[in-house]
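A quick write-up on the structure given underneath.
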Amino acid sequence: MSEWRKLPLSLTELCIDTTLRCGQSFRWQKIDDEWNCVLHGRLLSLKQDESFLHYRVAWPRNASSSRKPTSSPKAKDGIEIKQEDDTEALLGHYFSLKHDLTALYDQWSESDPNFKKKAPKFTGIRILSQDAWETLVSFICSSNNHISRISQMVHKLCIHYGPLIGHIGDEAFHDFPSPQALTGKSVETHLRQLGFGYRAKYIVQTAMAVSMQKPEGWLESLINPDNPGWAVVSIPTEDEPITYKRAHEELLLLSGVGPKVADCVCLMGLGWSEAVPVDTHVWQIAQRDYRFGKAKTKTFSKAMYHSVGDHFRQIWGPQAGWAQSVLFTANLKSFAEQATANPEPVGITVDIKQEAESESMVSAKKRQATASIEQIKVEYDEPSNNRRISRKRRKIRS
DNA sequence: AATGGACCTTGTGC
DNA sequence: AGCACAAGGTCCA
């Protein structure tokens with residue numbers, strides 16, 4: 001293990017205690033106030049105080065057991081940089097530290113009174129830039145499932161199929177398995193035995209698609225070029241540049257990947273910060289706090305799915321997925337105590353009262369009051385104005 | 001194209 | 001204790 005190092009970082013810019021527990025990553029383990037996880041072939045430990053993020057790193061003795069042994073960055077002259085040296089850069093990428101979170105919270109609070117009300121108790125929540133493949137498999141596991149069980153399943157994947165990186169006490173830490181590692185003949189049966197249920201088949205089929213059917217580097221080609229991945233060489237293509245919409249469509253072709261999982265991968269694994277995964281929580285939030293139509297149907301349609309995302313993108317802007325994660329966390333049962341606790345700093349409740357009289361509150365209420373199922377469907381169609389869409393709109397109204 | 005069930009298993013609340 | 005129900009949904013008929 002290296003010595004502890006530190007990055008100057010306030011708790012409002014990043015709170016690892018919340019960010020690492022809110023259902024984005026399922027692999028971090030807290031041991032005695034330290035968060036531990038294998039990231040890109042190294043065992044990372046984090047702890048935080050009011051002013052600093054402290055970190056240390058341990059590399060496996062046998063570097064070849066790492067999934068990406070050749071991925072360590074090289075200097076321009078070809079000399080390999082000491083491996084530890086890129087860990088700070090890795091953290092900066094993983095937590096997307098280039099974004100000013102306080103400024104973003106201010107912006108979302110200004111355009112959304114509900115965000116302004118909920119966010120003060122949930123500061124420092126960031127969207128993680130995770131490995132695309134890990135994100136894909138993790139959220140295939142997430143379907144119709146609890147966060148605790150998802151974590152359990154992801155842990156089992158690593159233990160049984162991922163390379164061992166190191167130990168903390170008696171606890172073994174593995175990296176996430178490669179797609180190839182999950183394509184074996186007996187994997188599906190084994191995963192069922194391990195309690196994956198019907199997701200076992202999805203995982204194996206998707207692993208086969210990514211490692212055998214899709215071209216090399218396909219998943220990485222879906223990464224937002226403005227938010228590039230870690231240690232991923234972008235392969236220039238003759239195709240038109242990738243968009244969020246196309247990345248989403250491509251992911252939908254995979255087994256076990258529907259619109260919600262595809263959005264999770266877009267947001268947390270591919271750097272598309274406008275992606276808003278609409279799950280049961282976000283649907284509850286949309287209905288309860290944003291006057292979305294009370295649907296009689298338990299499962300909402302594809303049009304409904306997109307209308308919710310479009311609505312939030314309209315309110316929160318191009319980083320809507322980041323704002324969504326704050327309200328999502330505030331809505332989690334495991335954070336219920338935090339949501340209802342009296343805020344420590346005085347003055348916040350005063351701000352909320354003042355906000356009730358503000359211009360944005362009034363206009364937002366007016367906008368929300370008109371929302372109904374019909375309105376939602378129309379709104380969904382409005383961004384485009386081609387012929388196909390307008391025909392669709394007529395159909396809905398008739 | 002849209003809608004209703006089935007689906008594995010575990011955690012939670014009564 | 002034991003049972004119903006929900007869980008960061010997706011697939012298929």
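Proteins get letters first, then strands, A, B, ... in listed order; numbering begins at 1 in each. If you're wondering where the values come from, they're calculated on a predicted model, not measured in any experiment.
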Which atom pairs, one a donor and one an acceptor, fall under 3.5 Å between side chains of residues 261-279 of chain A and the rest of the protein, sequence neighbours left out?
| residue | atom | partner | partner atom | Å |
| --- | --- | --- | --- | --- |
| A:D263 | OD1 | A:Y244 | OH | 2.5 |
| A:D263 | OD2 | A:Y305 | OH | 2.6 |
| A:W272 | NE1 | A:L222 | O | 2.9 |
| A:S273 | OG | A:Q319 | OE1 | 3.1 |
| A:D279 | OD1 | A:H281 | N | 3.0 |
| A:D279 | OD1 | A:V282 | N | 2.7 |

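Checked for salt-bridge contact, A:R126 and A:E13 meet the test: a charged N lies under 4.0 Å from a carboxylate O. The pair A:R27-A:E134 counts as a salt bridge, with a side-chain nitrogen and a carboxylate oxygen less than 4.0 angstrom apart. Between A:E34 and A:K30 there is no salt bridge, since no side-chain nitrogen of the basic residue lies less than 4.0 Å from a carboxylate oxygen of the acidic one. A salt bridge does not link A:K47 with A:D17: none of the charged nitrogens is closer than 4.0 Å to a carboxylate oxygen.
With sequence neighbours excluded, the residues that form a ring-ring contact (aromatic ring centres under 6.0 Å, His included) with A:H160 are A:H190. Residues meeting the side-chain contact (heavy atoms from CB on, under 4.5 Å) test with A:S129, sequence neighbours left out: A:H93, A:S96. Contacts of A:F139 classified as ring-ring contact (aromatic ring centres under 6.0 Å, His included), with partners at least two apart in sequence or in another chain: A:F26. Legend: residues meeting ring-ring contact (aromatic ring centres under 6.0 Å, His included) with A:F115, ordered by chain and number and at least two apart, are A:Y105, A:W108. Looking at residues two or more places apart in sequence or on another chain, you find no ring-ring contact (aromatic ring centres under 6.0 Å, His included) involving A:H54. For A:R313, the salt bridge (charged side-chain N to carboxylate O under 4.0 Å, His left out) partners at least two apart in sequence or on another chain are A:D310.
Inspection of the A:N36 and A:W28 side chains reveals no N or O donor paired with an N or O acceptor under 3.5 Å.
Nearest heavy-atom pair, A:E188 versus A:A200, reported as atom, atom and distance to 0.1 Å: O-CB, 3.6 Å.
Atom NZ of A:K185 is surrounded by 12 or fewer heavy atoms from other residues, nucleotides or ligands within 6.0 Å. Remark: A:D32 CG is loosely packed, at most 12 non-hydrogen atoms of other residues, nucleotides or ligands lying under 6.0 Å away.
Per the geometry, CG belonging to A:L327 stands 17 Å off P belonging to C:dG8, to the nearest Å. The CG-C1' distance, from A:N144 to C:dA6, rounds to 8 Å in whole Å. Rounded to a whole Å, the CZ atom of A:F196 is 12 Å from the P atom of B:dT9. Atom NZ of A:K260 and atom C1' of C:dT10 are 12 Å apart (whole Å). When rounded to the nearest whole Å, the span between OH of A:Y305 and C1' of B:dT3 equals 19 Å. The interatomic distance linking A:K302 (NZ) with C:dT10 (C1') rounds to 11 Å, in whole Å. The distance between atom CD1 of A:I147 and atom P of C:dA7, rounded to the nearest whole Å, is 11 Å. Atom CZ in A:F139 sits roughly 14 Å away from atom C1' in C:dA7 (whole-Å rounding).
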* Asked: So what's the dot-bracket for DNA chain B: Watson-Crick or G-U pairs under 3.5 Å, [ ] if a pair crosses, | if it pairs off-strand?
  -> ..|||||.||||||
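A heavy-atom distance below 4.0 Å to DNA chain B is reached by none of the residues of residues 265-278 of chain A. Near-neighbour residues of DNA chain C inside residues 244-252 of chain A, defined by a heavy atom below 4.0 Å, are absent. A heavy atom lying under 4.0 Å from DNA chain B marks the following residues of residues 197-205 of chain A, by number: A:G197, A:Y198, A:R199.
In this structure, A:L254 reaches the sugar-phosphate backbone alone: every heavy-atom distance under 4.0 Å involves primed, P, OP1 or OP2 atoms, never a base. Using a 4.0 Å heavy-atom cutoff across all strands shown, A:C22 reaches at least one base atom of the nucleic acid.
Looking at A:Y55 and A:L7, their side chains come closer than 4.5 Å, going by heavy atoms from C-beta outward.
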Protein-nucleic acid N or O pairs under 3.5 Å, nucleotides 10-14 of chain B:
| residue | atom | partner | partner atom | Å |
| --- | --- | --- | --- | --- |
| B:dG11 | OP1 | A:Q152 | NE2 | 3.2 |

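Comparing the P positions of C:dC5 and B:dA6 gives a spacing of 14 Å, expressed to the nearest Å. Comparing the same atom, P, in C:dC11 and in B:dT10 gives a spacing of 22 Å after rounding to whole Å.
Taking 4.0 angstrom as the limit, A:S143 places none of its side-chain polar atoms (N or O) nearer than this to OP1 or OP2 of C:dT10.
Nearest-nucleotide positions on DNA chain C for A:G256 and A:Q284 put A:Q284 closer to the 5' end.
Listed candidates were C:dG8, B:dT3, C:dA7. Nearest to the side chain of A:S142 is C:dG8.
The side-chain hydrogen bond (donor to acceptor under 3.5 Å, both in side chains) with A:T87 is formed by just one residue from the set A:R42, A:H40, A:R5; it is A:R42.
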